[in-house]
Amino acid sequence: MCYAIPGQLIEIRENGGGVVDYFGEKRNILLDLSDAAVGDYVYAQGGILVRKISTEEALEILSLWKDKFFELKKMDERLSHFSESDLPANTLQILQKVNLKKPLSRQDMLALLKLEDPRELKVLYELANHIRHREHDNASCIHGIIEFSNHCRENCHYCGIRSDRVVKRYRMSVDEIIEVAQHAVDEYGFKALVLQSGEDPWYDEKKLVKIVSTLRAMGILVFLSIGMRDKELYQKLYQAGARAALLRFETSNEDIFRQLRPGASLHERLTLIKQLKSMGYIIATGFIAGLPDETPEDIVNNILLTQSLGPDMYSFGPLIPAIDTPLAAQSKLSIDAMLKIIALTRFVDPDSNILVTTALETLDASAKKIALLAGANSMMINVTPMEYRVFYQIYDNRADRNQTVKVGIQSALDLLYSLGRAPTDIGVVEATLTS
Ligand code: SF4
């Protein structure tokens, strides 16, 4: 099964970049294969060329996609239309600024976060979707995620696998992780896999290098989500072939951070995110929304701090209180509160990639669809074996806990197609590979 569309490499630049053509639509990429040549058909993920495929295979896939690709584009164009209708003057003025690509002030951002009127919210989300379409056309990306260990040395108050909580712990062996990844690539056609765990030093440099280099050799984008590990380890993993890292800072408010992550330092976390960026990693970062004592000003600061880190992908989700954790009694955010954050992020950083997180889906069963129509453009599918998935409960009743990989893929594709989205790569702005 293959659901990512290959493109043709039409240009190679001296800075390590290149251009891939998808049915006439051009996307900048980073070349990460020394033997790729102009004219080759390739797969790119997260803006990185991950694999060449034969011309014969590519043409066969493209012939299946050709009509559908243009059909989907038309549908997305139709669905991303927005009209200002009869909005109150203040809201209209702010949204016009957004549409004219003018920067928003903090006051503007706060005013949008405080909107409650359904008519105004409707236009807010439509405009965010319109901008997503303007910047990315109908391209969406899907990554697989393997949650390979729920051991964690940290004790974050909001987390269901914190070290103090009694849960059944598991670790997948190196061979098992490789086997699951190989199956996800061969059987399901994944081109990017996120390796996620608690902060678990049992996976030392030797084990992680073996996993990363083996997965990279499968021709996929290897995406790490392993928490605060040493800078030197991340450097070694980059050399082994990892190219993306997900590390959220969780909150820009130092007092809240200190309270919820005992013994951890926001400064050290931000420093590591910046170091990963300068090593050459594609960065996904963001925050948790709905933490105790959080104010709308904190949300604005969270969005602006994420932006200042220059992420390739924004990853933020609502707090879903987990039982037997210090935040078990915290109330959940409304879906509109989260959609406003997504829309606002799209306004602040128009060409960003915004992930629909599982936490959001857990908050509301239809969240994936409405988030994709409010500015989001990226999704993950859980490929962790079912026997482990039930124990990676960072919060309760996760939306994907009982969903097989096949069902997860099919529902993701059905959703993307119903919205006119095509699973092409999302491309990157100009950048240079570091080695
Ligand atoms: S949030 Fe991450 S670091 Fe904190 S306890 Fe959970 S898995 Fe560990």
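Both ligands and their constituent atoms are indexed starting at 1 by order of listing. For the single chain, residues carry numbers from 1 onward in sequence order.
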Pairing of Lys73 and Asp76 as salt bridge, 4.0 angstrom limit: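 Result for this pair is no, no salt bridge flagged.
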Is Arg27 salt-bridged to Asp137, going by a charged N under 4.0 Å from an acidic O?
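The answer is no: the pair does not qualify as a salt bridge.
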*Between the main-chain N or O of Cys156 and the side-chain N or O of Arg261, is there a donor-acceptor pair closer than 3.5 Å?*
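Here the side-chain-to-backbone pair does not exist.
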- Query: How far is atom 4 (Fe) of ligand 1 from its nearest protein heavy atom, and which residue and atom is that?
  - Reply: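 The closest one turns out to be Cys156 SG, 2.3 Å.
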For atom 2 (Fe) of ligand 1, what's the nearest protein heavy atom and its distance?
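Going atom by atom, the protein heavy atom closest to atom 2 (Fe) of ligand 1 ends up being Cys152 SG, 4.6 Å.
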For the ring pair His143 and Phe190, is the centre-to-centre distance below 6.0 Å?
->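 No, ring centres 6.0 Å or more apart.
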For [X], atoms of ligand 1 separated by under 4.0 Å from a heavy atom:
X: Arg162; value: 5 (S)
X: Arg261; value: 3 (S), 4 (Fe)
X: Tyr158; value: 1 (S)

message: Going by the closest heavy atom to atom 7 (S) of ligand 1, which one wins out of Asn155, Asn150, Ile161?
response: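 Closest candidate by heavy-atom distance is Ile161.
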Contact check: Cys159 to atom 6 (Fe) of ligand 1, N/O/S below 2.8 Å:
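Under 2.8 Å: Cys159 contacts atom 6 (Fe) of ligand 1 through an N, O or S atom.
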Please find the pair of heavy atoms, one from Leu272 and one from Arg229, that lie closest to each other, and give the distance.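 Shortest heavy-atom contact: CD2-O, 3.6 Å.
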Q.
Would Arg171 pass as a cation-pi partner of Phe148, given that its NZ or CZ must be under 6.0 Å from the six-membered ring centre and within 45 degrees of the axis?
A.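 Output no; distance or angle outside limits.
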